[in-house]
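A quick write-up on the structure given underneath.
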Amino acid sequence: MAQHLPDDLREKVRNGLNLKREDYVRWMQMLAKKGWLVPEWPVEYGGSELTPVQRYILSEELARGDAPLVINQGIRMVGPVIYKFGTDAQKEKYLPRIIASDDIWCQGYSEPGAGSDLASLQTRAVRDGDHYIVNGTKMWTSHAHFSDRMFCLCRTDPDVKFQEGISFLLIDMDQPGIEVHPVPLMEGTHHVNMVYLTDVKVPAEDLVGEENKGWTYAKFLLSHERIGIAKIGIAKAQLGKLKQIAANEPEGGAALIEDQDFRQQIARVEIDLEALHHTELRCIMAQARGEAPGPEASVLKIRGTEIQQQLSELLMQAVGYYANPFIQEAREYGWNEEPVGAEYSATLGANYFVTRKASIVGGTNEIQRNIIAKAVLGL
Amino acid sequence: MKSSATSSPRPYSGFEFRPARDAVAVDPAGRRQNTGAPDGHGYHRITLPSIDLAPAVQAREFDGIMTRHAAWGRIAMDLNFSNKDLAFQTEVRTFIEQELPEDIRDKVANGYRLGREDYVRWQKILGKKGWLAPHWPKKYGGSEMTAVQRYILGEELGRGHTPRLIAFGLRMVAPVIYTFGTEAQKKELIPQIVDGNLLLALAQHEKDPGYTKGCIKMAAKAQGDSYVLNGTKMFVLDANIANTLIVAAKPSDADVTLFLVDAKDPGLTISKIPTIAMDNTCEVIFKDVKVPKKNILGEAGKGYETLEKVMTKAAIAKAAEMIGGAKVCIDMTAEYAKQRVQYEKPIGGFQAIQHYMANMMIAYDTIYNYLSRVAWMVDAGEDASLSASILKAKTNENYKFIVDRAVQIHGGIGTTREYPVALYFRRAKAWEFVSGDTDYHTDKVMDRVLTALPEW
């Protein structure tokens, strides 16, 4: 990483700047060359023989070294679904393109009316000859605006229980009938979109597995390979940044890091982070012993996001009044105007707002708690 | 929590109190009675007991004016609006509906930037009605409204998509001018402020921002019958649309002093700092800005003491604004929770959400009731500086908590730019620091509390 991670990418990630499609692709192709892009895939499909522990170390080091997060939709989500449930033709067509990052995938799951209650989704796919005709609206579709393909949950049978009438379709984004509308988030970034599907024709051979069995594949996808869900590597990088900033910021004659109260707050987060790290390690060890991953992912998600939010809060507090200025242009690489305050404070505000959604995306923390109550405690 | 669906204005309070227009039970001495029966919403009216107040005083109470008779030592506060106040609320609401120009309403409702011209236009409309400076003494152009009425006015202005008032001149500085200013300053400035034409801005923070006296280091060098100012002021709200800046600086020959500086002075460079809550705040660079001695506001060397009084009021006003925002968030979130259906029922039906909302109400009610008390204290002329600190510190925390829960309950949509909840979230974060952050106010409370303790 010290040798190959391009400087501009490292800087963008370290400072929370905006990343473009080319940035992701560049880095993913480098990882692919090393065999580190899809390490958890079976070897026959292009994976590696890294053990769970080694894969964990890999993901941690990537996060700590300020590498861009890879785009998961292809490599972690639809890829495994295809190699597990797809036809040989689908495997041959799609898997190599995922590894080469020739196809960037997005996830057509949530809808305006189906968020936490995903099974109630309404996007309809009607079989017509050797095509499906798809109509509906997908919401919160991350990077749909630069994606080549979308894996989409559609309703193929409206007359049965919700979960039993869903199919898993692979849709080409570059065709008439697909409209992508940006949904700017509170800090002004364009990351998620609303995707309107109007009479979109999907060839029948792009149905994965069996019709109406899509929910099974969706559940497999969501529970597969949850290593890294707690984003501990990123949290550790943030914690390091916090300590650096606190050592720099003046507070009553000394540095902020000398302030008793602030030190204790930092210490508290660090303790929580260490505890979570060990929880994660125990999960990795269980996986290494061959045990199937279970609902402990919910624990990791809840605590991971709460710690992320605490860290972003402390980062804002560390710079005090200088957390207020918010210059959109500062989030682009190559901006070289005078920042207001120290350089590092320019993007903290945006980062704070980005982190706010962590407890909502990927299954809200309330839903995660429900899962723990049901699946772990049997309530 | 049912909200009444009537179209006439409801008393704007934390809990849904029964409106005071219903009959009030009184005992033979004229004391108001707790009827003991719950109102239609299941809440009891809250009337703190008063002891042995003379009938004349109690009679005044029935107007709903918060009042106190010093001799009896107990405060009787009725937090319901009286009939008179409700009528006033209707009057204000109607006035805003009729008089607020459409284009300004649109801009505010859609979050577009307003220019100086927009602010001044609205202030002039309010000024003509006598509602621009309602708390001022009549002789300076005020209307001497009660605290409750001013509160109603403030709330209705917030509700009705009106531009915020460039309050600094009206609320903070003008009282300083008419109390401490020279006759010449009063004559020149007050009519223009009341007229809506003169906008003022306070330049207090410097590169190392803070509220203590030691933070004010800008040099004011004595030169004949003037002072020359050099340095940089940060986070000056509305400097780019103000006519006059009030600058806190440290003269070479005196303690911190307040100077009135023309915003058009060629030695000034004013540049806007975009902020997370889209506040209109600026950096102001002073280069050899010459200020004649007659433009010193108040007494030379006493600038910080004056500033402290202003800051107390500013903290209360900001807290009030935040508390208003908190209420809007709670209402918005409750509406959303009632309408958003997942798993075939409104999410407000899930216990986790209900508990969140209950906690939000508790947080809101605490700061709302405390605000009422502090506003009353200001009205009664009491020293509210300790209470203002308590209020701002607590509001900082509670507002952030409330808005955070509001975003969480709204789910994905609460994180988008288009939906209003996110704006309140950004404001809660930004306004933590306006008029004193939590640490500053907590320190002040500590100072006041601990000075009473003996040395160990």
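Each chain gets a letter, A, B and so on, in the order its sequence line appears, and its residues count up from 1.
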Q) To the nearest 0.5 Å, what is the distance between CG (A:Asp261) and OG1 (B:Thr442)? A) 9.5 Å
**Q.** Toward chain A: residues of residues 425-438 of chain B with heavy atoms under 4.5 Å
**A.** B:Phe425, B:Arg426, B:Lys429, B:Ala430, B:Phe433, B:Asp437
Q) Is there a side-chain contact between B:Asp404 and A:Glu313, using heavy atoms and a 4.5 Å cut-off? A) no
Q.
With rounding to the nearest 0.5 angstrom, report the CD1 to NE2 distance, A:Ile360 to B:His410.
A. 10.5 Å
(Q) Quick check on A:Ala114 against chain B: is it the side chain, the backbone, both or neither that has a heavy atom closer than 4.5 Å? (A) backbone
Q. Do A:Tyr322 and B:Ile273 have side-chain heavy atoms sitting under 4.5 Å apart?
A. no
Q. Just how far is it from atom OH of A:Tyr321 to atom CG of B:Asp208, taken to the nearest 0.5 Å?
A. 11.0 Å
Q) Where does A:Leu348 contact chain B at under 4.5 Å (heavy atoms): side chain, backbone, both or neither? A) neither
Q) Which distance, rounded to the nearest 0.5 Å, do you find between the CD1 of B:Ile276 and the OH of A:Tyr352? A) 8.0 Å
Q: Between chain B and each of A:Ala323, A:Ser120, A:Gly320, count heavy-atom pairs under 4.5 Å; write down the option with the most.
A: A:Gly320
Q.
Could you measure the distance from the CD atom of A:Glu366 to the CZ atom of B:Phe350? Nearest 0.5 Å is fine.
A. 11.5 Å
Q | Rounded distance (nearest 0.5 Å) linking atom OH of B:Tyr419 with atom CG of A:Leu185 | A | 15.5 Å
Q: Heavy-atom pairs under 4.5 Å with chain B are the metric here; pick the option from A:Gly113, A:Ala350, A:Ser110, A:Gly349 that has the most.
A: A:Gly113
